[in-house]
Amino acid sequence: MRLTVGRTVAAMGGEVGFDGQHPVTFAPADPPRAGALLVWVDDGDRRVDLAVPPDGSVTVVTVRPVPIAEAVGPLLAVPAGAHPAAVFWAGAAREALHLAARGLVWPAVTAGGHRTWRIGPYGPADATRWRLRKNRSPGGGRSGEHGRLPLL
């Protein structure tokens with residue numbers, strides 16, 4: 001699947017500028033709450049090197065970083081017909097919130113020594129849903145830590 005850079009972004013949620021119609025990539029950070037969605041737009045304020053499918057070649061992409069805390073609301077509003085990467089991350093956000101609402105969070109410390117929250121303990125059905133979601137990730141939508149449940 002070839003991802004392309006969108007031409008415009010209609011502002012949604014004030015300063016966020018994320019409408020779900022453009023490719024997005026998650027940029028992890030330590031602590032994870034400092035991560036961001038990188039919305040691929042021509043008028044973005046940052047240029048990043050990303051490996052894109054199908055061959056993993058490195059491409060310079062202009063992006064607008066959206067802090068993950070600001071992206072959650074717009075992600076929950078992404079419609080099913082939006083860009084596949086936006087739909088993927090919207091589903092991941094919904095699943096993470098579902099697990100948190102069930103009380104499946106516990107305190108943890110990141111590799112960098114930051115206090116955070118980890119999802120768990122989770123059952124086999126939860127693990128299967130995350131594994132299936134990871135395997136359905138569209139090109140360009142995956143973060144750097146494949147196969148791990150996210151820290152919040």
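Here the structure is a predicted model, which means the values were calculated and not measured.
- Residue pairs meeting the salt bridge (charged side-chain N to carboxylate O under 4.0 Å, His left out) criterion with at least one partner in residues 105-114, sequence neighbours excluded, are absent.
- Shown here are the side-chain contact (heavy atoms from CB on, under 4.5 Å) partners of A69, two or more places apart in sequence or in another chain: there are none.
- Closest of all the heavy-atom pairs between P79 and Q21 is CG-NE2, 4.3 Å.
- Applying the salt bridge (charged side-chain N to carboxylate O under 4.0 Å, His left out) criterion to R129, with sequence neighbours excluded, gives E95, D126.
- Considering only residues two or more places apart in sequence or on other chains, D49 meets the side-chain contact (heavy atoms from CB on, under 4.5 Å) condition with V58, V60.
- Considering CG of L75 and CZ of F88, their distance stands at 11.0 Å, rounded to 0.5 Å.
- Using a 4.5 Å heavy-atom cutoff, the side chains of D45 and P65 are in contact.
- Distance NE2/H114 to CZ/R33: 7.5 Å, rounded to 0.5 Å.
- Listed here is the closest heavy atom pair of P23 and H83: CG-NE2, 3.4 Å.
- For R46, the CZ atom counts as loosely surrounded, since its 6.0 Å shell holds 12 or fewer non-hydrogen atoms of other residues, nucleotides or ligands.
- In this structure, the side chains of W40 and V48 stay at 4.5 Å or more apart for every pair of heavy atoms.
- T62 and D42 make their closest contact through CG2-O, 3.6 Å (heavy atoms, listed as atom of the first residue, atom of the second, distance).
- For the atom pair R118 CZ and L99 CG, the distance stands at 13.0 Å (nearest 0.5 Å).
- Across all non-hydrogen atoms, the minimal contact from G20 to V78 is CA-CG2, 4.2 Å.
- In this view, P124 satisfies the side-chain contact (heavy atoms from CB on, under 4.5 Å) rule with no residue, not counting sequence neighbours.
- Listed by chain and residue number, nothing satisfies the side chain to side chain donor-acceptor pair (under 3.5 Å) test with R94 (two or more places apart in sequence, or in another chain).
- Interatomic distance, CD1 of I119 versus CG of L104, reported as 8.5 Å (0.5 Å rounding).
- Annotation: side chain of L37 is not in contact with side chain of E70 (no heavy-atom distance under 4.5 Å).
- Taking each heavy atom of P32 and I68 in turn, the nearest pair found is O-CG2, 4.3 Å.
- To the nearest 0.5 Å, atoms OG1 (T25) and CH2 (W89) are separated by 9.0 Å.
- Listed by chain and number, the hydrophobic cluster partners of L76 are V72, L97, where partners are ILVMFWY side chains within reach of under 4.5 Å, directly or through others.
- Of all heavy-atom pairs between A127 and Y122, the closest is CB-CE1, 3.7 Å.
- Residues in residues 71-86 take part in no salt bridge (charged side-chain N to carboxylate O under 4.0 Å, His left out) pair, two or more places apart or across chains.
- At least one side-chain heavy atom of T110 sits less than 4.5 Å from a side-chain heavy atom of D30.
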